[in-house]
2 protein chains.
Amino acid sequence: MSTTQSESHVLSKSCQYALRAVVYIAANATPSHLTGAQEMADSLEIPKHFLSKILQQLTRNQLVSSTKGPNGGFYLSEENERTTIDRIVEIMDGPGLFKACVLGMPECSAVHPCPLHFQAVDYRDGLYHKLKRLTIQELADVVHKGHVQL
Amino acid sequence: MSTTQSESHVLSKSCQYALRAVVYIAANATPSHLTGAQEMADSLEIPKHFLSKILQQLTRNQLVSSTKGPNGGFYLSEENERTTIDRIVEIMDGPGLFKACVLGMPECSAVHPCPLHFQAVDYRDGLYHKLKRLTIQELADVVHKGHVQL
DNA sequence: TGAATAAAAGACCCTTATATCCTTTATTCA
DNA sequence: TGAATAAAGGATATAAGGGTCTTTTATTCA
Ligand code: FES
Ligand code: FES
């Protein structure tokens, strides 16, 4: 009589880690002290090698910047700081997360709605539009002001 | 330079299938013709054996009713019809889906918010409260009136 | 009673997400 | 130059979700 529950989530773990890491970099990296993967892994309690993979993906897609070697690490260019959260989500979890039907139907629109479309769509779109306007820098500011956990 | 994207989702596939199946039963089962797993699998285009597993889980938890043998199948008792959607989601995906932090932090509250808490929480709660009040029967009615895909 | 039917149950496999390890490349500085 | 450092990259391992198959149990009805 074992009731197996598949753990579901809005954002994949990779995406959650990515967001926390980027905010961490924004809040902690300075020109004289870049943020290393090790430091981040320790501080955020994310498996180091997994974090590295994620950071690689983000740098490849130019959402964060990095330099190798001693005193190397990750940082954000001015342009990176203006990146909006939805871009990170899109890179990590793909586009379509905020487009897809909650019931997994092939189409999602008011013309071909599923039974839950009208209950779900405003929630989904609401969050999406907020993330579209929210920048890394803005999140980092919130962290600086304290009162949020990372 | 391959950018692997982990597919994420609000509801697990099992849960999506469960919801569609239950609504299908509500909309199609009659006392003289119960809904069989085969019929549902064909109509909803869900792998039959996988669907069976899911239906087993739902019947074990008394969210749907069933009888074996010829002319057997699934149906909803009056009580079943008054089940709210959130119960199904809870059985399939576990509680905590609507409680958990979007960034995966151990706590989620206004007292210990993550950087995205205030952007995400009202939408999350909004959907949750809708599903808490919405019954299977109400969804089935929408289907009967047409204009929704299943 | 027994053949047919359909759900219940359990064992098993495949794919994907998550996580770890090892090697290579770039950079610093003594 | 060369030793040390840290990211980049590739290969591999583990866990969970998704999916299939076979056997068992309950029910109907000829
Ligand atoms: S059709 Fe299902 S959410 Fe839009
Ligand atoms: S603490 Fe992250 S969503 Fe509430």
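The sequence lines fix the lettering, A, B, ..., with proteins before strands; numbering per chain opens at 1. Side chains are part of it too, since the values below use all heavy atoms of this structure and drop only hydrogens, waters and symmetry mates.
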Between [atom2] of [N] and [atom1] of [X], the distance in whole Å:
X: A:Phe74; N: D:dA6; atom1: CZ; atom2: P; result: 12 Å
X: B:Phe50; N: C:dT15; atom1: CZ; atom2: P; result: 15 Å
X: B:Gln57; N: C:dA8; atom1: CD; atom2: P; result: 12 Å
X: B:Lys53; N: D:dG17; atom1: NZ; atom2: C1'; result: 14 Å
X: B:His33; N: C:dA6; atom1: NE2; atom2: P; result: 10 Å
X: B:Glu45; N: D:dG19; atom1: CD; atom2: P; result: 13 Å
X: A:Lys48; N: C:dT20; atom1: NZ; atom2: P; result: 12 Å
X: B:Leu51; N: C:dA6; atom1: CG; atom2: P; result: 15 Å

Ignoring the backbone of [X], work out which of [options] is nearest its side chain.
X: A:Lys13; options: C:dA19, D:dG18, C:dA9; value: C:dA19
X: A:Pro70; options: C:dA19, C:dT28, C:dT25; value: C:dT28
X: B:Lys68; options: D:dG9, D:dT25, D:dA7; value: D:dT25
X: A:Pro47; options: C:dT20, D:dA8, C:dA7; value: C:dT20

Is the distance from OP1 or OP2 of [N] to the nearest side-chain N or O of [X] less than 4.0 Å?
X: A:Thr4; N: D:dA16; result: no
X: A:Ser14; N: C:dT18; result: yes
X: A:Asn71; N: D:dA4; result: no
X: B:Ser6; N: C:dT18; result: yes
X: A:Ser52; N: D:dA8; result: no
X: B:Tyr17; N: D:dG19; result: yes

A:Tyr75 reachable from A:Leu63 in the ILVMFWY side-chain graph, under 4.5 Å edges: no
B:His112 side chain vs A:Gln149 backbone, donor-acceptor pair below 3.5 Å: no
Identity of whatever pairs with D:dC29 - Watson-Crick or G-U, under 3.5 angstrom: C:dG2
Nucleotide paired to C:dA19 in any strand shown, Watson-Crick or G-U, under 3.5 Å: D:dT12
Touch class at under 4.0 angstrom, heavy-atom based, for B:Gln5 against every strand present: sugar-phosphate
Sugar-phosphate only, base, or nothing, as touched by B:Glu7 at under 4.0 Å among non-hydrogen atoms: sugar-phosphate
Worked verdict on A:Glu39 versus A:His33 for side chain to side chain donor-acceptor pair (under 3.5 Å): CA-CA 11 Å; A:Glu39 172 191 340; A:His33 175 70; 3.2 Å; yes
Along DNA chain D (nearest heavy atom to each residue), the more 5'-positioned of B:Ser12 and A:Gly72: A:Gly72
Interatomic distance, B:Arg87 atom CZ to B:Ile136 atom CD1 [nearest 0.5 angstrom]: 10.5 Å
Atom pair CD1 (B:Ile91) and OG1 (B:Thr83), whose distance is rounded to the nearest 0.5 Å: 10.0 Å
Steps toward salt bridge (charged side-chain N to carboxylate O under 4.0 Å, His left out) verdict (B:Lys130, A:Asp122): CA-CA 12 Å; B:Lys130 277 194 181 178; A:Asp122 54 341; 3.5 Å; yes
Residue whose closest nucleotide on DNA chain C lies nearer the 5' end, B:His49 versus A:Cys15: B:His49
